[in-house]
Amino acid sequence: MEYLYGYYKGNQPILSRVKEVRPEINNKVVENRANEIVSFKVGYLMGEPVQYVSRVDDEGIAKKISTLNSYVASEDKAAKDKELADWAHICGTAYRMVLPDGEADVEEDEAPFEIFTLDPRFAFVVRYNGLGSPVVMGVKYVVKGDGTAIYSCYTKDHYYEISDTWVILKSEEQVLGIPIVEYPLNNARLGAFEIVLPLLDAMNNVDSNRLDGVEQFIQALMLFHNVDITSKDYQELRAEGAIKFKDIDPQFKAEIEYLTAELNQTQTQTLIDHLYDTVLTICGMPNRNGGSSTSDTGSAVIMRDGWSAAEARAKDTELMFKKSEKEFLKLTLRICDDLSELDLKMSSIEIRFTRRNYENITEKANVLVSMLNNPKIAPQLAFIHCGMFSDPQIAWAMSKAYMEEQEKKAAETAKSKEGNGNEPGSQNSNQTDPGNGQND
């Protein structure tokens, strides 16, 4: 984890490379694609806050979930989700801790709990080696200035503080459970760029060698063929920029020239492009090819440029995130039930990622209209299956209320017109009197 975090920050192996031939020309270029990979994946996954929505059409439960969303918003959970995703994509796993307001040494607010994002280099969980691999202990630790470490260990019903010499400094019972939740990026705990480290190192090496090639071409060595020159003469040559000599023997022609071998930049760029495209393909990221076809549809661009692969990888990450988020919610709801009036069951909550609202929006709108115009399809199903709304239940409730309001206004307008004398058979007061040609 320490190595991956340093690699993400730019501390990469190319910085320590040794060049044996002409060591004075040794460029070390870091093309930090690891940072690019993490930034894109976290931004694409967590571009919009994770929301909790109701699984059932119940107004009471919807209000309670709205309260829960207010609680997590007051705790800046969206920003902490981003921190969590950063660590998970860098190190392959991340850890979150939740504590009641009384135990966390921070300022209290309307939320009865506090959320913390732990540094995975200083936290871990212990799992039982059996079915389901449940967590039996959560641990975080700090390293003091003198190098000693203090471990804070949480089991289901106990809390321990242990030194690195295995001395128990503190032991007390607790009823909270294990407040540390692991958020692995995948089952193998692989970081987003960990699988392409050799390719990233190769890109750094090629870029560094390209600069070496340019510099060595400019600082080319000089060849003296059949020319006897002293060190002093060479210094004068470099100072004056010219030298006078003659052939000593007609059979042996004297020559002075540069030893040059220019690097083929076109072939090198082809290699760089191949390495970069391979990295994007393995990591499931869109490319920058663009495309020049004027007949491209939105779906064609999404498929061709790799956005479909990016979406598939994001959905895969979503499943792992939701699994851990449920463990976090179980503990959070327990704290809310004990310290506030909010009582919710995990089965009533659905976790939603809201980043894809405007992808193929025209096609989704057409599907929605077609389904709404079909009398055999319930309107609520049209909202759920069109894919246009991140929370179709709320969208349907708002649309239904708006539709009823508009129908009520239309009925009131029609009734008002009837009350103003517009019923069939009534006469307009502005009609001309046929007897005298004057208006009434």
Side-chain angles (χ1 to χ4, degrees), residues 41-42 44-82 84-85 88 94 96 98 110-113 115 117 132 177 181-186 311-337 340-361 364 367-368 371 377-402:
K41 286 190 170 289
V42 173
Y44 190 74
L45 181 68
M46 297 293 180
E48 297 293 335
V50 177
Q51 293 289 329
Y52 303 138
V53 299
S54 175
R55 286 184 178 271
V56 294
D57 189 10
D58 188 313
E59 186 176 352
I61 292 179
K63 288 182 178 179
K64 292 179 181 179
I65 293 179
S66 177
T67 302
L68 177 62
N69 280 322
S70 300
Y71 284 169
V72 296
S74 69
E75 293 296 325
D76 292 323
K77 182 176 179 292
K80 293 173 182 178
D81 283 344
K82 193 266 180 188
L84 198 71
R96 168 173 283 166
V98 56
E110 60 267 27
F113 53 84
I115 303 172
T117 302
V181 181
E182 183 187 17
Y183 284 74
L185 188 65
N186 46 62
E311 179 62 24
R313 298 298 180 87
K315 287 181 179 179
D316 179 66
T317 305
E318 277 185 20
L319 295 177
M320 297 297 295
F321 187 93
K322 287 180 180 180
K323 180 181 178 181
S324 299
E325 189 76 355
K326 289 178 182 178
E327 298 298 323
F328 160 75
L329 275 176
K330 289 177 184 177
L331 185 57
T332 303
L333 294 179
R334 180 178 174 182
I335 295 174
C336 290
D337 191 24
S340 71
E341 298 179 355
L342 181 64
D343 58 330
L344 268 173
K345 293 184 178 180
M346 187 63 226
S347 58
S348 303
I349 304 174
E350 183 173 351
I351 303 165
R352 281 283 173 85
F353 286 77
T354 59
R355 68 178 183 279
R356 299 183 302 274
N357 296 350
Y358 302 107
E359 180 184 299
N360 290 340
I361 191 69
K364 293 176 180 178
V367 171
L368 177 63
M371 295 180 74
I377 299 178
Q380 190 171 0
L381 292 177
F383 274 74
I384 293 174
H385 294 287
C386 71
M388 190 174 179
F389 307 102
S390 59
D391 188 349
Q393 297 287 353
I394 293 179
W396 162 246
M398 292 177 63
S399 300
K400 183 180 178 182
Y402 176 77

### Query
What heavy-atom pair brings V181 and E327 nearest, and what distance separates the two atoms?
CG1-CB, 4.0 Å

### Task
Locate the shortest heavy-atom distance separating I61 from S54; write the atom from each residue and the value.
CG2-OG, 3.8 Å

### Spacing of CG belonging to L329 relative to CE belonging to M346, to within rounding of 0.5 Å
4.5 Å

### Query
Roughly how far apart are S348 OG and L68 CG, rounded to 0.5 Å?
11.5 Å

### Task
Compare every heavy atom of D343 with every heavy atom of K64, then report the nearest pair and how far apart it is.
NZ-OD1, 3.2 Å

### Message
Has N69 got a side-chain atom pairing as donor or acceptor with Y52's backbone, closer than 3.5 angstrom?
### Response
yes

### Task
Quick one: pull up CG in L185 and CG in D316 and give me the separation to the nearest 0.5 Å.
8.0 Å

### Message
Run K315 and E318 through salt bridge (Lys or Arg N to Asp or Glu O under 4.0 Å) and show every step you take.
### Response
CA-CA 5 Å; K315 287 181 179 179; E318 277 185 20; over 6 Å; no

### Message
To check you understand the geometry: which heavy-atom pair defines the closest contact between S74 and E110, and what is its length?
### Response
CB-OE2, 3.2 Å

### Query
Does any N or O in the side chain of R96 come within less than 3.5 Å of the main-chain N or O of T117, such that one atom is a donor and the other an acceptor?
no

### Sub-4.5 Å side-chain heavy-atom contact between I65 and V53
no

### Query
Can you find a pair of side-chain heavy atoms, one from K322 and one from E350, that are under 4.5 Å apart?
no

### N/O donor-acceptor pair under 3.5 Å between K326 side chain and I351 backbone
no

### Over 12 foreign heavy atoms within 6.0 Å of CE, M398
no

### Query
Can you find a pair of side-chain heavy atoms, one from V72 and one from T332, that are under 4.5 Å apart?
no

### Query
Could you state the interatomic distance from CZ (F353) to OG1 (T317), rounded to the nearest 0.5 Å?
8.5 Å

### Query
Given L344 and T67, is the side chain to side chain contact (heavy atoms under 4.5 Å, CB included) satisfied, shown in steps?
CA-CA 10 Å; L344 268 173; T67 302; over 6 Å; no

### Task
Name the orientation class of the two ring planes belonging to F321 and Y183 (parallel below 30°, tilted from 30 to 60°, perpendicular beyond 60°).
tilted

### Query
Looking only at heavy atoms, which two atoms of A88 and A94 are closest? And how far apart?
N-CB, 3.8 Å

### Message
Please find the pair of heavy atoms, one from R55 and one from S347, that lie closest to each other, and give the distance.
### Response
CD-O, 2.9 Å

### Query
Does E182 offer a backbone N or O that forms a donor-acceptor pair with the side chain of S324 under 3.5 Å?
yes

### Side chain proximity check, L342 to Y71, heavy atoms < 4.5 angstrom
yes

### Task
Please examine the side chains of I384 and W396, heavy atoms only from C-beta on, and report whether any two atoms are closer than 4.5 Å.
no

### Task
For the pair K77 and E325, find out whether any cationic side-chain nitrogen is under 4.0 Å from an anionic carboxylate oxygen.
yes

